[in-house]
Every structure is written in C-alpha cells, then in structure tokens.
Asker: 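One structure follows; several queries about it will come next.
Side chains included, hydrogens not; waters and symmetry mates left out as well; all remaining heavy atoms used. When a ligand or atom number is given, it counts from 1 through the structure's own listing order.
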Amino acid sequence: MLNPGGNIQLDGEGRLRHFLTTDGLDRRILIEILDHAESFAVVGDRPVKKVPLLRGKTIVNLFFEASTRTRTTFEIAAKRLSADVQSLSVNLSSTTKGESLRDTLQTMEAMHCDMFVIRHSGSGAAHFIARLVAPHVSIINGGDGRNAHPTQALLDMFTIRQHKPDFAALRVAIVGDITHSRVARSDIYALNTLGVREIRVVGPKTLIPAGIESLGVKVYTEMESGLRGVDVIIMLRLQRERMRSALLPSEQEYFRCYGLTEERLRLAREDVMVMHPGPINRGIEIDSRVADGERSVILQQVSNGIAIRMAVMALIAGAGRGRA
Ligand code: CP
C-alpha cells in the first residue's frame, strides 16, 4: 500500500488526489511536482502556449478572498493545459444571499466539474470540502485562512531550486508576520521535507507563534542576527486583516526594526535571493530598492506560479484517469 497513513491528499496508489497542504507530503511527491513544473515552464515560451493534457476537463476557481497572483495564474495554467475554466465571482454569487460553502460546492459539483481551486478565509476550508466531494472530484487549496498555501510553497521551492539546487546547503530566513501567515507554514513544511540546512523565523515576538520551534525552526527576534549569513530571505506582508488586536506600535516602527533595506541585505550572503509571495507593501516590510533590486526574484516567483499550478493540476488529472 502506497498511502499507508491514509493521507487524504493521496489515492490508494500514493498519487496526488487533492492538494491541500505541504504538511505530511513526502519528498517524492514534492520533487515530482517540481520536476513536472520544469517541463511546463517552457510552454510559456512557445508561440502556441498550450498542451492538450486537460482537454475535456472543467476546472472552477472559487475565490472567497481577494487574490491577484493565485487566481490569475491558476486560470492561465488551466487554459495552458486546455481545460475549460470558470472563475466564480463570489461577490456576484449566491454566497451573498447566505449560501454556505458546502452548498455552493455541491451546486457546482452538480454541473459536472472535475476540479475546484478554493481560497477561503476559514482555516481548514479546503480540507472540509475535500471530505465531501465525489470520488472523481479534486480540490486544490488556493490558501485557507492562516493554515496553508501549498502551491505558493511549491513555487517558492521551484524558484529556490532554479538558483540554488542544493537544498541541504541552504540557510533560509522567513521574516515578518509568521503568526498569521499560511505561506510561512507551508514553506516551513516544504523546506524541512526537502532537507534544508537551517530555517530561521525572524520577527517581533508578538508575530511569532509560541512553540514554533517544534516545526524545526530557529527563532530570531532581532533582524540583524536573523539575516546574518543566510542564502534565502522570504519576506512576508503584515496580515492586518487577520490580526484581532494591535500587535505592533506602528508601520513606521515596524519598518525601522524589521524592514528589509539595502544595508540589512548586506548581512546576508552576497548571492542571497530575496523572495516575497506578494502583495508587497513597500516601505513597510521591504524597501523599494530591495524589492526591485538585483537580488530580488519576486516577479520570477509570479511567473513560476503558472508552471507549478500546471504541474499540480496535470498530476492530479493523471492520477484521476484511473478513478471511476
Ligand atoms: N501570493 C498570493 O497568494 O498572492 P495573491 O493573494 O495575489 O493570490
């Protein structure tokens, strides 16, 4: 049996059925996604940016929270795989009349859709839906609350691998609002599974969850020591929409203590990569000269989102061919 723990994300053959979290996914699956993405990355350079892998499949984007990058790159990725894609505008949907997530999903399922990409403010929303859908339907998590953003983590791993393929040699600093960040959690699981040398989380005490060391990270509350000698810096946005109370004195004070400036960048390795999942807030967590500077790979992350999302959807659909 290839799925002995009964991971809901895998089918009985150990192939990807849903993509909900990087927590508990083994190295084999992560590498398979990264390798597939490698072959899909070149599709965007062709005159005809399409492959026929998902012809006849219907994919629905259900975004109950705002998104620019994830929603658009999922849509482009599905079209490049020749799928039929529908993005539901939640503000114009029956959600505004009180329809539950479960009823919305079951309504869309009745239209014979094959795959749903879901973004929702509730942590666990994607898992909840994955337990309800019919066996031939797959769920991809486009970000749920503060829980997980697995395709973001994989596109981050893909971008790191393009520049620094030896994960075992890397020191990675994740900086900012760790408490409210689904990206931080998903990146930590993926980085650990891929065997990086050291993961640091850097930020004010009020934005670092108690006990996070149990995920295999080192905590730094001082920016200068946290950045010293690192190969990769992943900056995070302050997730004000998820903060229940004031956890910071002011944005100016935050930038003074934790903003990534050119001066602070010099503490890291000379060939350091600067990453950010976006959207970026210039002058709050990152200086414009760093965001637009030569060490930044922020826009490359966006481009890589298409290849990673193509890979995830193609692998799920490939596994699904054996299902009823
Ligand atoms: N990184 C990310 O999830 O960006 P969006 O919110 O624009 O999708």
Asker: Between Glu262 and Arg266, is there a side-chain N and carboxylate O pair less than 4.0 Å apart?
Answerer: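 Judged by the 4.0 Å cut-off on N to carboxylate O distance, Glu262 and Arg266 do not form a salt bridge.
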Asker: Check Arg197 with Asp166, please: is the shortest side-chain N to carboxylate O separation under 4.0 Å?
Answerer: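 The answer is no: the pair does not qualify as a salt bridge.
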Asker: Strictly below 4.0 Å, N to O, side chains only: are Arg282 and Asp292 in salt-bridge contact?
Answerer: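 Judged by the 4.0 Å cut-off on N to carboxylate O distance, Arg282 and Asp292 do form a salt bridge.
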Asker: Which heavy-atom pair separates Val217 from Ile212 by the least distance, and what is that distance?
Answerer: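 The pair with the smallest heavy-atom distance is CG2-O, 3.4 Å.
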Asker: Identify the protein atoms, limited to N or O, that lie within less than 3.5 Å of an N or O atom of ligand 1, and list each pair with its distance to 0.1 Å.
Answerer:
residue: ligand 1; atom: 1 (N); partner: Gln152; partner atom: OE1; Å: 3.0
residue: ligand 1; atom: 1 (N); partner: Pro277; partner atom: O; Å: 2.8
residue: ligand 1; atom: 1 (N); partner: Gly278; partner atom: O; Å: 3.4
residue: ligand 1; atom: 3 (O); partner: Thr70; partner atom: OG1; Å: 3.0
residue: ligand 1; atom: 3 (O); partner: Arg119; partner atom: NH2; Å: 2.9
residue: ligand 1; atom: 3 (O); partner: His149; partner atom: NE2; Å: 2.9
residue: ligand 1; atom: 4 (O); partner: Arg69; partner atom: NE; Å: 3.1
residue: ligand 1; atom: 6 (O); partner: Arg119; partner atom: NH1; Å: 2.9
residue: ligand 1; atom: 7 (O); partner: Thr68; partner atom: N; Å: 2.8
residue: ligand 1; atom: 7 (O); partner: Arg69; partner atom: N; Å: 2.9
residue: ligand 1; atom: 7 (O); partner: Arg69; partner atom: NE; Å: 3.0
residue: ligand 1; atom: 7 (O); partner: Arg69; partner atom: NH2; Å: 3.1
residue: ligand 1; atom: 8 (O); partner: Ser67; partner atom: OG; Å: 2.6
residue: ligand 1; atom: 8 (O); partner: Thr70; partner atom: N; Å: 2.9
residue: ligand 1; atom: 8 (O); partner: Thr70; partner atom: OG1; Å: 2.7
residue: ligand 1; atom: 8 (O); partner: Arg119; partner atom: NH1; Å: 3.4
residue: ligand 1; atom: 8 (O); partner: Arg119; partner atom: NH2; Å: 3.3

Asker: Identify whether NZ of Lys or CZ of Arg in Arg309 sits under 6.0 Å from the centre of the six-membered ring of Phe74 and within 45° of that ring's axis.
Answerer: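 Pair Arg309/Phe74 counts as cation-pi.
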Asker: With Glu251, which residues qualify under side chain to side chain donor-acceptor pair (under 3.5 Å), at least two apart?
Answerer: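 Partners of Glu251 by the side chain to side chain donor-acceptor pair (under 3.5 Å) criterion, ordered by chain and then number, come out as Arg240.
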